[in-house]
> 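Okay, handing you the structure first.
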Amino acid sequence: MSDAAPKPDELFKARLDKLRRWRNELEIDGYGQRTDGLIPLAEARAMFDEAADDAWRAAEDAEESIDDPRPQVLVAGRCVQHREMGKLAFLVIRDATGDLQISCSKGDLDTNSFRLARKLDYGDVIVAGGRMGRTRKGEICVWADRFELASKSLQPPPEKWHGLQDPELRARRRHVDLFTNPEVLQTFTARSQIISSIRRRMDARGFLEVETPMMHPVPGGAAARPFTTHHNALGMPLFLRIAPELYLKKLIVGGLPKVYEINRNFRNEGVDRSHNPEFTAMEVYEAFSDHHGMADLTESICREVAEELSGGTAVRPFGEIEIDWSSPFVRLDWRDTFTKVLGFDPSDEAKVRQAAQGLVENAATADGWVLANALFEERVEPTFDPSRPTFVFDYPSVISPLTRSYADRPEYCGRWDLFAGGMELGTAYTELNDPLEQRRRFEEQLGGMDDEMAKERTLDESFLDALETGMPPTGGLGIGIDRVVMLLVNATSIRDVIYFPLLRPESASEENPCDE
RNA sequence: GACCUCGUAGCUCAGUCGGCAGAGCAGUGGACUUUUAAUCCAUUUGUCGUGGGUUCGAGUCCCACCGAGGUCACCA
C-alpha cells in the first residue's frame, strides 16, 4: 500500500512538491503528532467572549498594554477555505461539529508557521492555537499564535462551492463526500444514533442482543438467493446468510426468552433505491408472544426513536410527503383490504385468476393465493397512505412458510407486513412451531423450485431438529434498519444511508486486488 | 435481465446546424494586514468513457462495449 506509485496527476504533483519544499525549508514532516488539549470547533466558537473581545480591542485602539482577556483555544480541522491577503491569511477549518475561521497575522506567528498558513491547501489538516476573537468584519475566529500541519492532503479536492455531486463519486470517495458535504455527516450520525436508540430500547425491554452466524451451510429464513463462498480447510461450500431467523429460533428453543440481533443480511439480487446487496436488519424473537405482540413492540420502538430524533412529536419529512410517527399506526386486515379494493374475495380463485392475468410470469400454473398476493402488491399496496405507517395483518398461509396458520381458517396465518413511505419496512410472524407442519411446508417449497434455485436450497434438518425438540409459541419480527433510517433522515436512496454501498469496481486493479 | 437518459479539464458545468476544445473553481507565479465562494494581474491543464463506422471533416450522426443515473423485472 505504502509503495503505491503517486498519481502522475499535476495537481497531485503540485501538492507533493509543496510538501517536499516544506520538509526542506520549514523543517516539518507534514504528518503531525499526537496533540492533547484539542477542543471541538463548536466548543471553541461557544467560548468566544464578547466583553473580552471589546476590552482587548479598546486597549489596542488606545495602544494600551493589558493582559489578553480573550479565551485561549487549541483546535484542529481540515481546511475548507483559504484566502491569503499579503500579511494576513484567513482560512476556514472544519471538524465534525462545524466550521471555524482561523485568522493568521504575520505579526502573531513565527516565520515558518506563517509561510505554512499562507500556502496551505484546501484539504490539509491543521492544528491551530490562539485567542478567540473577531475580525473587523465581525467573523468569530481564532487569531492564531500557533499553526501546525497535522496532515498534508495530496489528493486534489473537489470544487469548493459545489463539492462532490456525482452520486457514484460521492459513494466511491465517501471520505471526501463526508467533509465536503456536511449534511452527509449529519445523516450518518443520525443513522448511528437511531441504531443506538433502538438497541437501548430493546435492552430496556429485557431483550438480549445476540450474534448468530453470517456464514451458513444451509441458507434459510427467507426466499432470497444467497451469495456462495467456500471454506478451504473444511472443503465445504458456505452461503452468506440471507436471514438469521432459523438460528435465532434455535436460541428460543434453547431457553433464551427474548433475543434480538442487529446485523447484516446478504441477498444476491438487484440493486435499486431501496435495495443494497448487504443490508442491516433487526430480527427479534420473544417466547410466548405472537405477531400482535411484535406489532406493539415495533410501533412503540419506531415512535420512540422518531420522537427522540425530533425532540417531541414526530412528523418527519420524507421526499414529497411527511410521515406521522406519533399517531397510532394504521392497522389493516389483508383480506378485508383486498376485498375492499378489488371488489371480490381473495379466495374466489376464478376472479383472482382473471384479474391477475399478465401480472406474473407463470400465471396459468401459479397457485391462486400466489396470484392473489401479486394482486395485493400491485393493486392494494399503492392505496396505502404513505404518510402513515401501516400494518397489514394476516397474510395467506401459502406465501408464509414459516408462519403459523389460524386453526379456524387455515388459509390465513398470523403475520403482518409494515409499510411506510411506499416501502416495506418489515414483517412479523406468529412463528410456526409445529415441526411436522414445518417439514411439510419446507418440502412443498422445495418442490416448487427450479433447478437453479434448488442448488442453493436444501432442507435445514438442524432447524427441524430444534423444532422437534420443542419451541414455545413465539412471536418473531424482522425489520429493515436501512429503510427505517431512510424514512427518519429523509433519504430517498438507500445509498445515502450506507457509508459504502456496493459499486462495480472502478478499475482493472480493483478487480484483481494485490496483496495489500 | 429489459428499456430510457447520461459520460467533455482534478471538481462543477457550457459546447448551437457536423467546421480551431470552452468557462468558473482548483493549480502555478505575482500584489494586498481584516477576507467571507475575497479581489486584481499573469499563466498551466484534455485518450471529449472505450472501440469501430459514416463523412473532406465527428465532442456532435450510427453501431458495439464499459460505467453511471432512472424506470421496470427479480426479491414469499
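Keep in mind that this is a model prediction, so the values were computed, not measured.
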> Determine the interplanar angle of the A/Tyr499 and A/Phe188 rings, folded into 0 to 90°, and report it as parallel if under 30°, tilted if 30 to 60°, perpendicular if over 60°.
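Plane angle under 30°, so parallel.
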> For the side chain of A/Asp272, starting at C-beta, report the closest nucleotide among B/A68, B/A73, B/U33.
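Out of B/A68, B/A73, B/U33, the nucleotide with an atom closest to A/Asp272's side chain is B/A73.
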> Nearest whole angstrom, please: distance from the C1' of B/A68 to the CZ of A/Arg172.
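Roughly 9 Å, once rounded to whole Å.
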> Taking NZ, NE, NH1 and NH2 as the nitrogens, is one of them in A/Glu261 or A/Arg241 under 4.0 Å from a carboxylate oxygen of the other?
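A salt bridge links A/Glu261 with A/Arg241.
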> 5'-most contact on RNA chain B: A/Pro167 or A/Leu164, nearest heavy atom basis?
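In this pair, the answer is A/Leu164.
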> Among B/C75, B/G67, B/U34, which nucleotide sits nearest the side chain of A/Thr135?
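Within the option list, the nearest is B/U34.
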> Taking the inter-plane angle between the rings of A/Trp369 and A/Tyr412 on a 0 to 90° scale, is it parallel (under 30°), tilted (30 to 60°) or perpendicular (over 60°)?
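Aromatic pair A/Trp369/A/Tyr412 classed perpendicular.
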> Checking all strands, does A/Gln81 fall into the base, sugar-phosphate, or nothing category for heavy-atom contacts under 4.0 angstrom?
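Sugar-phosphate contact only - A/Gln81 comes under 4.0 Å of backbone atoms but never of a base.
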> Write down the distance between CD (A/Glu159) and P (B/A9), rounded to a whole number of angstrom.
14 Å
> State which residues pass side chain to side chain donor-acceptor pair (under 3.5 Å) with A/Arg146; sequence neighbours excluded, sorted by chain then number.
A/Glu148
> To the nearest Å, give me how far apart CD (A/Glu444) and P (B/A76) are.
16 Å
> Quick check on B/U71: is either OP1 or OP2 less than 4.0 Å from any side-chain nitrogen or oxygen of A/Arg273?
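Checking A/Arg273 against B/U71: at least one side-chain N or O falls below 4.0 Å of OP1 or OP2.
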> Could you check whether A/Asp17 pairs with A/Lys13 (Lys NZ or Arg NE/NH1/NH2 to Asp/Glu carboxylate O, under 4.0 Å)?
yes
> How would nucleotides 41-46 of chain B be written as a contact map, 5' to 3', with B for base contact, S for sugar-phosphate-only contact and - for no contact, using protein heavy atoms under 4.0 Å?
------
> Strictly below 4.0 Å: does A/Lys13 bring a side-chain N or O up to OP1 or OP2 of B/U28?
no
> Tell me, please, which residues at least two apart from A/Phe338 pass ring-ring contact (aromatic ring centres under 6.0 Å, His included).
A/Trp334, A/Phe344
